[in-house]
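Numbers here are sequence positions counted from 1. Predicted model only: the values in this text are computed from it and were never measured. Counting starts at 1 for both ligands and their atoms, in listed order.
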Amino acid sequence: MLIDTHCHINFSSFKDDADEVIQRSLGNDIWLINVGSQYSTSERTIKIAEKYDKGVYAVVGLHPIHLYETEVDESEQGIEFKSRTEEFDYDLYKNLAQSRKVVGIGEMGIDYFHMPKNINFEEVKQKQQQTFQNGIKLAKELDKPIIIHTRATKNSFDAYDDVINILKQADYTKGVVHCYGGNLEQAQELIDMGLYISFTGIVTFKNAKDLQKIVKEIPLGKMMVETDAPYLSPEPHRGQRNEPAYVEFVARKIAELKKVSYEEVAEVTTGIAREFFNI
Ligand code: NI
């Protein structure tokens with residue numbers, strides 16, 4: 001058994017076949033955590049999760065790219081969109097989180113890569129940080145874990161430093177840094193603080209040597225696996241639409257890098273995810 005701890009079956013890429021994709025995942029003994037990125041997709045993730053007794057869960061939150069209108073180009077998957085603008089409404093998200101299917105708050109965090117045009121960097125930074133702090137406050141109040149999105153300025157690790165500082169200030173470490181892309185020192189610091197690190201299909205890419213080194217260095221007992229579907233399909237499906245069933249390729253690559261069995265990676269990461277999300 002595996003748990004895809006981060007996917008977006010609530011996104012429009014799956015509008016015609018979400019249930020088939022979920023059945024395929026559950027049929028392969030893969031549970032999934034379906035993650036919202038704004039109010040509408042958060043609401044949808046709850047609706048989807050409520051259709052299933054077991055194995056499909058929801059996380060609700062506001063992603064930093066939805067604070068401003070931003071062009072997003074995930075061209076490898078043929079997905080391009082303009083993000084819609086939303087302000088974080090604490091009470092609305094608190095309300096959503098009352099569903100018994102909501103097992104966490106997110107995805108939220110910092111994204112200095114997808115920047116809106118014509119808006120001062122400092123202003124965007126401020127707003128992202130403040131929104132992240134509010135999201136943490138909500139998670140704290142509800143005693144739920146957080147899924148953290150972090151994307152740095154090109155060729156930099158700046159967003160990871162800011163995430164670490166904000167978590168320290170908020171004194172909240174019940175979190176997972178999803179789709180890890182920081183450096184080894186930052187990964188170690190996050191782990192020392194009590195957070196988990198999660199890896200996507202990027203670990204299977206030939207050019208991801210730095211990330212593969214991080215997988216080798218950090219303990220298996222601090223990792224989770226995810227797809228971030230529809231994005232970031234692992235090899236051998238790179239370039240196609242991703243789906244939760246493909247999380248197996250991520251786990252197999254981690255097993256190879258850490259020189260342990262696939263069964264061990266499956267057992268350890270599943271155990272962590274079940275405890276973390278209380279499922
Ligand atoms: Ni995501």
Side-chain angles (χ1 to χ4, degrees), residues 3-15 18 21-22 25 30-46 48-49 56-67 70-84 86 88 93 96 102-114 128 131-132 135 139 144-152 159-160 163 175-182 195-203 205 211 223-234 240-247 250 273 276-277:
I3 301 181
D4 178 1
T5 59
H6 189 119
C7 61
H8 304 286
I9 311 307
N10 46 339
F11 283 9
S12 58
S13 309
F14 296 103
K15 67 178 187 318
V21 170
I22 291 170
S25 175
I30 294 169
W31 286 7
L32 54 104
I33 311 284
N34 203 10
V35 182
S37 59
Q38 58 187 317
Y39 192 79
S40 59
T41 56
S42 294
E43 218 178 9
R44 205 175 307 144
T45 188
I46 296 173
I48 292 172
V56 183
Y57 304 91
V59 167
V60 297
L62 181 60
H63 191 295
I65 64 164
H66 289 292
L67 297 176
T70 315
E71 308 262 1
V72 178
D73 177 9
E74 302 288 347
S75 42
E76 189 168 301
Q77 273 75 28
I79 300 166
E80 278 176 56
F81 63 95
K82 208 175 240 180
S83 66
R84 273 169 295 163
E86 184 182 318
F88 182 72
Y93 280 96
L96 277 186
V102 173
V103 296
I105 306 296
E107 61 185 297
M108 57 175 160
I110 302 292
D111 193 320
Y112 300 148
F113 184 83
H114 296 106
Q128 287 195 7
T131 305
F132 184 30
K144 291 204 187 291
I146 55 176
I147 292 185
I148 305 163
H149 168 95
T150 319
R151 193 139 179 211
Y160 284 86
V163 160
V176 58
V177 180
H178 114 87
C179 192
Y180 192 72
L195 285 104
Y196 293 90
I197 305 286
S198 158
F199 297 99
T200 61
I202 295 177
V203 293
F205 298 174
L211 191 65
M223 290 181 195
M224 292 192 226
V225 290
E226 59 166 306
T227 59
D228 204 15
Y231 314 116
L232 304 173
S233 270
Q240 303 164 13
R241 186 186 70 170
N242 201 358
E243 64 172 75
Y246 296 168
V247 77
V250 178
F276 182 82
F277 291 108

Heavy atoms, side chains only, cut-off 4.5 Å: are I105 and Y93 in contact?
no
Between H8 and the Ni ion (ligand 1), is there a contact where an N/O/S atom of the residue lies under 2.8 Å from the metal?
yes
Quick check: of its N, O or S atoms, which one does D228 have closest to the Ni ion (ligand 1)?
OD1
Decide yes or no for L211 and F205: does some side-chain heavy atom of the first lie under 4.5 Å from some side-chain heavy atom of the second?
no
Where does the angle between the aromatic ring planes of H149 and H178 fall among parallel (under 30°), tilted (30 to 60°) and perpendicular (over 60°)?
tilted
Aromatic plane relationship, F11 with H8 - under 30° parallel, 30 to 60° tilted, over 60° perpendicular:
parallel
State, to the nearest 10 degrees, the angle whose vertex is the Ni ion (ligand 1) and whose arms point to OE2 of E107 and NE2 of H6.
90°
